[in-house]
Amino acid sequence: MRDPLTVLTDAFTSFLFGKVETTRLPVRTSTGQAQAVYLPTAAPGLGDSGVIIGREVYSGKGYIYDPFQLYGQQLPAPHWLVLGESGNGKSALEKTYVLRQLRFKDRQVVVLDAQGEDGVGEWNLIAQELGITPVRLDPTAALDMGIRLNPLDPAITTTGQLALLRTIIEVAMGHGLDERSGFALKVAHAYVNETIVDRQPVLTDIVEQLRHPEPESAEAMNVAIDDVRAWGLDVALVLDRLVDGDLRGMFDGPTTVGIDLDAPLTVFDLSHIDRNSIAMPILMAIVGVWLEHTWIRPDRKKRIFLVEEAWHIINSPFVAQLFQRLLKFGRRLGLSFVAVVHHLSDVVDGAAAKEAAAILKMASTRTIYAQKADEARATGRVLGLPRWAVEIIPTLTPGIAVWDVNGNVQVVKHLITETERPLVFTDRAMTESASDLLAHDALAAAEREAEERAAYMEKQLGDGPAGSRSTVA
């Protein structure tokens, strides 16, 4: 209830001067200034289903990515390319990504680990934590009953065996097989498979048959036996390297019993192989075909094939063609291929530029860590990145990357949990994350010192006279 005197005063004032209303003057401004009135907005994310990567730098929102969840909606293919110079966090990203994917029961991962120190690969610690023994391909250890993968394993189809033999030879020779050499290899392979039934055929059998072809092989094509032997000589010499050369022991015997491709994680440790030798692409070819015929199956499982130092694959035309075929399994059988590369120029300017372009086109997800300005511009042209993204790539700090998921471009900070940190930041991975690790150690030490000081002060206050707490505070 209003006071009667106030009501009387208001009525008398209104009678003399009329009713008074407060009005607000209009505000005149530009649209550029007016937008500050509204809360900032950010581009939509990739949904809330999948693996947490970190947070978007500009919006602060959580960033979630999973190619299997996004396929068919925002992704035409589940394959992923990771680029960036050493020391910016590529290795940490891939390791945490795999650890988080393995929390889903229908995931399986195979890693080709081409880096390492102290006699083990980078992924050795993670494998140990999960109770898995890496498949360590080592020519020295192979001579002492080490790991073997047989290119003629019966688990691989006859067609796959022949394709693998051709790829091995073409990689080693640096050019394709001519028709005559290809014929000699074909008849030797067919004869070995038909006549050896009581054990696994091995490469030694192929080499022996190439050196001493059967008369029936020559008669089938109406050529002299000496011609067939001459056609297969170069092929035999190349395969002999796997039997009695610097790669002996790894592929010239039955496949080692106990390699568990049904495990959630399988790590092929290639760290004992010279990364700059011809051995690396040969190994990539053999492992790729072996997985194609023994691991990838239509059982509704989602599989991730992660390849470190992937330029060894894309730089060889013959191996790149093989992996192109493997990538096509992504849509039909649920395979996500993840290639980790330092510089895009390593592959787009290499011997397999055409094949590299085809593989890059299949990768609908691209993650780019810090690069030098000229490299960033070249990467932007090849991948079709927006100008603003190209400009910030040289300024990115470790752990932050530009993510391009089929045109949805965001800047993302990768976050690592305390549980993951000791598995990700090993001594062998210091080149990938030294600054982050040192900063974390310094912060942890400061936090411990603060806690100890607070505990000490609490004790002193508790032991003092009443009222001393507020006095000290």
Side-chain angles (χ1 to χ4, degrees), residues 82 84-99 109-149 168 171 241-242 245-251 255-256 258-261 263 265-288 290-291 295 304-316 319 323 337-343 346 422-434 437:
V82 182
E85 297 181 350
S86 296
N88 287 285
K90 299 189 307 298
S91 179
L93 171 66
E94 296 308 324
K95 289 174 182 176
T96 56
Y97 174 74
V98 167
L99 287 170
V109 182
V110 164
V111 176
L112 297 192
D113 183 6
Q115 301 189 80
E117 295 178 4
D118 302 326
V120 295
E122 271 197 39
W123 288 76
N124 186 69
L125 194 57
I126 289 178
Q128 287 182 348
E129 183 70 17
L130 298 178
I132 295 167
T133 301
V135 180
R136 186 163 294 118
L137 296 172
D138 181 357
T140 304
L143 297 177
D144 189 23
M145 300 301 293
I147 296 295
R148 284 189 175 90
L149 296 178
I168 293 171
V171 169
R241 181 178 182 183
L242 301 180
D246 55 340
L247 296 180
R248 67 189 184 280
M250 291 187 292
F251 309 107
T255 299
T256 301
I259 297 178
D260 185 11
L261 289 180
L265 173 66
T266 302
V267 177
F268 287 91
D269 184 350
L270 312 180
S271 60
H272 286 255
I273 309 299
D274 183 359
R275 284 181 284 174
N276 297 315
S277 73
I278 194 64
M280 186 61 78
I282 290 177
L283 283 168
M284 295 288 190
I286 292 176
V287 172
W290 199 70
L291 290 174
W295 181 54
I304 300 170
F305 185 23
L306 189 151
V307 183
E308 301 274 8
E309 299 292 326
W311 69 271
H312 293 288
I313 291 175
I314 308 176
N315 234 11
S316 169
V319 182
F323 273 79
F337 177 74
V338 184
V340 183
V341 180
H342 285 280
H343 305 288
D346 290 337
L423 299 176
V424 171
F425 292 147
T426 63
D427 291 338
R428 292 176 298 279
M430 284 297 289
T431 55
E432 283 286 335
S433 52
L437 183 57

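Values in this document were obtained by computation on a predicted structure and should not be read as measured data.
Across all non-hydrogen atoms, the minimal contact from D269 to G121 is OD2-N, 3.1 Å. The heavy-atom pair separating P422 from L125 by the smallest distance is O-CD2, 3.4 Å. Taking both residues in full, the closest heavy atoms of V109 and V111 are given as CG1-CG2, 3.9 Å, listed atom of the first, atom of the second, then distance.
To the nearest 0.5 angstrom, E122 atom CD is 9.5 Å from S271 atom OG. The CZ atom of F337 lies 8.5 Å from the CG atom of L306; values are rounded to the nearest 0.5 Å. How far CG of N88 is from CG of L93: 12.0 Å, rounded to the nearest 0.5 Å.
Counting only distance, with no hydrogens or angles, the side chain of K95 and the backbone of L423 share no donor-acceptor pair below 3.5 Å. The backbone N or O of W123 lies less than 3.5 Å from a partner atom in the side chain of D113, making a donor-acceptor pair.
Looking at I132 and T266, their side chains never come closer than 4.5 Å, going by heavy atoms from C-beta outward. Between L137 and V287, the closest side-chain pair of non-hydrogen atoms falls below 4.5 Å. Side-chain contact between K90 and V341 is absent, with no heavy-atom pair separated by less than 4.5 Å. I168 is not listed as a side-chain neighbour of F251, based on a closest heavy-atom distance of 4.5 Å or more. Inter-residue side-chain proximity for V98 and V338 is flagged as unmet; no heavy-atom pair is nearer than 4.5 Å. Residues F268 and L283 are not in side-chain contact: their nearest non-hydrogen atoms beyond the backbone lie 4.5 Å or more apart. The shortest side-chain heavy-atom distance between L270 and M284 falls under the 4.5 Å cut-off.
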